[in-house]
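Single-structure report; data block below.
Counting convention: from 1, in listed order, for ligands and their atoms alike.
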Amino acid sequence: MSVLAVDAGTTGVTAVIVTEDGRIDSRGYQEFAQHFPEPGRVEHAPEEIWQAVLAACRTALDGSDLTPACVGITNQRETAVLWNRADLAAPRRAIVWQDRRSAGVCTRLREAGHEPRVAELTGLRLDPYFTGTKLTWLAEHDERSWAAVTSGAAVVGTVDSYLIARMTGGARHVTDASNASRTLLYDLTAGGWSDELCELFGVPRAALPEIVPNHGLAGRTDPRAFLGLDLPISGLAGDQQAALFGQTCFAPGDVKCTYGTGSFVLINTGTEPVRSQDGLLTTVAWQSPSGEITYALEGAIFVTGAAVQWLRDGLGLIDTARQTQAVAGTVPDSGGVVFVPALTGLGAPHWDPDARGTICGITRGTTRAHLVRATLEAIAYEVRDVVEVMTGAAGLAVPVLKSDGGASGNDLLMQYQADQLATPVERPVVQETTALGAAFLAGLGAGVWSSPDELRETWRLERRFEPGVRDEEAYRRWGRAVERARGWA
Ligand code: G3P
């Protein structure tokens, strides 16, 4: 038996066929367009995401002799999507999690004194990152689309909901608890949509999807809509929670970092939510069919891999992301250059939507190698910033960090990460852990695997990076540069 897993990420869609022993048998990948209509704004066309899903799945299916027994879905979280109930067309582009346009909504709600209550109910904070603030913005600025929502002609959801609607030919409007817990509309401890929050953000509850557990039958694909396939959709989760699952971080204290467009450190905290006053988010990791919720504490860093992408596409300093290791390796250090990649503001633990990218310490001797190296170092510092909150204020132990995602393949970065954390970093054989986690959830839901213990046995270590010398002076320089990046916009 095998599982088809779809990972609809921020910059592209990956589809994989996963075997019963947790191997990836084949894969497909399709990028889609990023729209930047104004500085600070990031949009995706839902139809382009859907077409990328179809293309990636076609490639994965064509590359394998296995016939999947079920489908799992994982997705970029928080992004706000609107679509018509009747024809599933989107009346406007989706507002992406990186988009900062709702900063004013957040300021207004904060000044009105709502933040403590919002944080208490959701485990999150008032930041444009989260779906609810984007929906408020839409209600106030896109009268035509919002009229469709309030009249019931259109619905709202995150990317998982939209894809399930498309895959089921409009039969299902569902999401899961992990995605719901990123919207600012979900009551973290009651485990459902909150009327109080829907009212605060001005979102009609009837427009929101039904919340289903992370594994179990969420719907069936309609062969007319989805590549002629009639399969159960039996697992879904937001991409970071899926990666936590894919890393088999099933026990409290297990922690992973996924190095993608951004980097996200999640630690499993068990069945009790752990609150942070210091910039970490409390979130649902997953919910079982019996209703039991496992929670996580999360450090969400917005721009890491995207900074490497900017070196490639914005500056033309490198041709491929992979090249960063070789280029950075030509210099022993960054030559005093510090790059704070606050290209879409700063997330955890600083939470400053007005921070902007800042490069300090450039001299006449600075070369592209220094800048490339400073970019990799910045990723390691950003991760250290959030792990320090976990082990400091939050009082949790992080004896080892499991790494995954695109940039986890970069040995120089992984070694520097271990050095900066003074903690070993373990990289598994399968680094596409997000898709793997979606496959695991779907396979559990459809009976391909019977228990998490069985899944744990499929996890294989590829390489362990032991911490070496920790450059504390460099980390102090980073802290100073972050202060300069803050409040810029
Ligand atoms: O919260 C945003 C996150 O889900 C995006 O993940 O992998 O697309 O950068 P990624």
Legend entry - Which residue and heavy atom of the protein sit nearest atom 2 (C) of ligand 1, plus the separation: E78 OE1, 3.3 Å
Inset, instruction - Would you please indicate if the ring centroids of H173 and W83 are separated by under 6.0 Å? - result: yes
Inset, instruction - Provide the number and element of each atom of ligand 1 under 4.0 Å from a heavy atom of Y129. - result: 1 (O), 2 (C)
Legend entry - Polar proximity ligand 1 side, N75 side, N/O cut 3.5 Å exclusive: no
Legend entry - Proximal atoms of ligand 1 relative to G262 (non-hydrogen, under 4.0 Å): 9 (O)
Inset, instruction - For ligand 1, find out whether one of its N or O atoms is nearer than 3.5 Å to an N or O atom of R182. - result: no
Inset, instruction - May I ask you to check whether W310 and F339 place their ring centres under 6.0 Å from each other? - result: yes
Inset, instruction - Kindly say whether the aromatic ring centers of F245 and F250 come within a distance under 6.0 Å. - result: yes
Inset, instruction - Flag R77 as yes when one of its N or O atoms lies below 3.5 Å from any N or O atom of ligand 1, and as no otherwise. - result: yes
Inset, instruction - Dump the intermediate steps for salt bridge (charged side-chain N to carboxylate O under 4.0 Å, His left out) on E377 and R384, then the final yes or no. - result: CA-CA 10 Å; E377 289 183 0; R384 177 171 170 186; over 6 Å; no
Inset, instruction - Please identify which atoms of ligand 1 are closer than 4.0 Å to at least one heavy atom of Q76. - result: 4 (O)
Legend entry - ligand 1 atoms in contact with G9 (distance to a heavy atom under 4.0 Å): 8 (O)
Inset, instruction - Compute the ring centroids of F201 and W137, then answer whether they are less than 6.0 Å apart. - result: no
Inset, instruction - Check ligand 1 against Q240 and write out every atom of the ligand that is under 4.0 Å from a heavy-atom position of the residue. - result: 6 (O), 7 (O)
Inset, instruction - Around atom 8 (O) of ligand 1, find the nearest protein heavy atom and jot down its residue, atom name and distance. - result: T10 OG1, 2.4 Å
Inset, instruction - Salt-bridge test for R100 and E38: reply yes if a basic N is under 4.0 Å from a carboxylate O, no otherwise. - result: no
Legend entry - Stacked cation flag K402 on W459, 6.0 angstrom / 45 deg: yes
Inset, instruction - Specify the protein heavy atom at minimum distance from atom 4 (O) of ligand 1: its residue, its atom name, and the distance to 0.1 Å. - result: D239 OD1, 2.5 Å
Inset, instruction - Might you work through the salt bridge (charged side-chain N to carboxylate O under 4.0 Å, His left out) test for R427 and D404, ending with a clear yes or no? - result: CA-CA 6 Å; R427 186 169 67 192; D404 58 81; over 6 Å; no
